[in-house]
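A short worksheet on the structure shown next.
Here is how names work: the chains are called A, B, and so on, in the same order as the sequence lines, proteins then strands, and each is numbered from 1.
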2 protein chains.
Amino acid sequence: MDETPGWLTPTEQHAWRSFLRMQEKLAARLGRELLADSKLSTPDYGVLVELTDAPDGRRRLQDLAGALEREQSRMSHHVARMVKRGLVVREECAGDGRGVLVAITPAGREAIEAAAPQHVSAVRRLFIDRLTPEELDTLARISDRIVAALEREPGRADPPPGGPAAPRAGGRSRHAPRPKP
Amino acid sequence: MDETPGWLTPTEQHAWRSFLRMQEKLAARLGRELLADSKLSTPDYGVLVELTDAPDGRRRLQDLAGALEREQSRMSHHVARMVKRGLVVREECAGDGRGVLVAITPAGREAIEAAAPQHVSAVRRLFIDRLTPEELDTLARISDRIVAALEREPGRADPPPGGPAAPRAGGRSRHAPRPKP
DNA sequence: TACCGATTGTTGACGTGTCATGTATATCGG
DNA sequence: CCGATATACATGACACGTCAACAATCGGTA
């Protein structure tokens with residue numbers, strides 16, 4: 001019965017269903033713990049990590065969006081909110097009149113440094129440590145394959161595949177552009 | 001140096017990051033295809049599937065929230081939006097003055113029936129069919145374990161563990177996105 | 001019966017995300 | 001140098017989610 005060609009078998013349904021539940025619950029839990037412990041949302045956390053990674057704590061908005069695979073508009077909105085909370089500031093981009101630099105503030109640095117250890121340990125406690133090395137390996141392999149497939153077959157527009165290390169010209173990949181007058 | 005007790009090894013980092021990317025991209029892609037093809041959002045889809053599963057196409061709001069593991073407030077808001085679009089209606093609940101029944105409309109039924117086949121096939125194309133049976137099995141095992149752990153250790157409040165509603169009659173796995181053909 | 005706590009929903013404020021659109025600057029071909 | 005096109009970002013409208021406060025009903029019990 002139920003031989004409808006594209007339907008899911010009970011096994012597949014269970015796997016898919018469980019996977020969805022896991023995603024939602026895990027993300028929700030991690031997000032709530034992060035927020036409760038550090039007053040930072042998951043998106044906040046990502047942005048601040050990116051910024052602390054840059055040697056001078058500032059990056060182009062577009063650059064940030066690319067690194068975190070978010071759309072530029074989303075980044076703009078979110079940076080606006082973070083500015084309001086004093087975690088980052090916008091700065092003019094010398095050398096490119098339309099550009100904007102997002103710079104982490106001392107308050108932002110303080111926040112991320114306080115948040116990171118707890119967050120990482122939560123990831124460990126709630127997820128990593130519950131998997132065997134083989135399972136973790138399988139998961140990584142699966143994830144890489146699916147992501148690659150999604151990027152190869154862009155049904156419609158995804159945020160451009162300009163991945164974490166956007167192919168920047170001039171051999172400088174992650175260092176903040178330091179234009180001179 | 002990096003011997004901070006709770007840090008992630010490079011392997012773990014890679015697995016975790018890949019996993020996050022996969023989740024986001026997959027959900028985003030499926031959501032966009034669903035929306036483009038059927039004018040239904042992912043949450044819409046879930047609600048309509050639940051309703052078509054009920055023999056008379058109506059369920060208590062609380063019941064719906066439980067089955068989909070959403071908070072009742074979220075359900076209330078979302079049902080309000082769906083009412084506005086004519087996909088469902090609210091009805092008084094005979095026998096319980098505070099209760100509310102959510103009933104699917106003909107338009108709603110039409111929408112879900114049009115959406116389901118495409119959506120399921122997208123799940124297959126973008127995910128299921130790219131995994132070996134062993135991988136799918138591992139994934140299901142992992143997911144079940146993590147979910148169980150999350151429910152066992154409620155750090156703070158999750159949507160009440162008051163599990164996914166009562167098992168439905170007939171052996172039909174409740175999650176078949178199955179708009180009775 | 002009358003009260004009290006628990007259950008069921010609604011609502012408003014606000015953070016977050018998407019889409020479509022608008023504006024300014026940059027860049028390139030002529 | 002000029003105009004066409006592309007790039008970088010902002011913005012407004014709206015969908016979605018959470019939290020906290022509130023309102024109404026139900027149920028048991030004194």
By nearest heavy atom, map Arg74(A) and Lys84(A) onto DNA chain C; which one lands nearer the 5' end? Lys84(A)

Rounded to the Å, how far apart are [X] [atom1] and [N] [atom2]?
X	N	atom1	atom2	result
Leu35(B)	dA15(D)	CG	C1'	10 Å
Glu71(A)	dT21(C)	CD	C1'	14 Å
Arg81(A)	dT18(C)	CZ	C1'	12 Å
Lys39(B)	dA15(D)	NZ	P	13 Å
Arg59(A)	dA8(D)	CZ	C1'	16 Å
Glu92(B)	dC26(D)	CD	P	11 Å
Arg85(B)	dA15(D)	CZ	C1'	9 Å
Lys25(B)	dG17(C)	NZ	P	16 Å

Taking side chain to side chain contact (heavy atoms under 4.5 Å, CB included) as the definition, give me every residue that meets it alongside Arg90(B), ordered by chain and number, with sequence neighbours left out. Leu61(B), Ser76(B), Val79(B), Ala80(B), Val83(B), Val100(B)

With sequence neighbours excluded, residues passing side chain to side chain contact (heavy atoms under 4.5 Å, CB included) with Ala65(A): Met75(A)

List in chain and number order the residues that pass salt bridge (charged side-chain N to carboxylate O under 4.0 Å, His left out) with Arg98(B), two or more places apart in sequence or in another chain; answer none if no residue qualifies. Asp96(B)

With sequence neighbours excluded, residues passing salt bridge (charged side-chain N to carboxylate O under 4.0 Å, His left out) with Glu135(B): Arg141(A), Arg145(A)

Restricting to side-chain hydrogen bond (donor to acceptor under 3.5 Å, both in side chains), what partner residues turn up for Thr138(A), sequence neighbours left out? none

Are Leu30(B) and Ile128(B) linked, directly or through intermediate hydrophobic residues, by side-chain heavy-atom contacts shorter than 4.5 Å (ILVMFWY only)? yes

Does the protein touch nucleotides 2-11 of chain C at the base, only the backbone, or not at all? Give it as B, S and - per nucleotide, heavy atoms under 4.0 Å. -----BSSBB

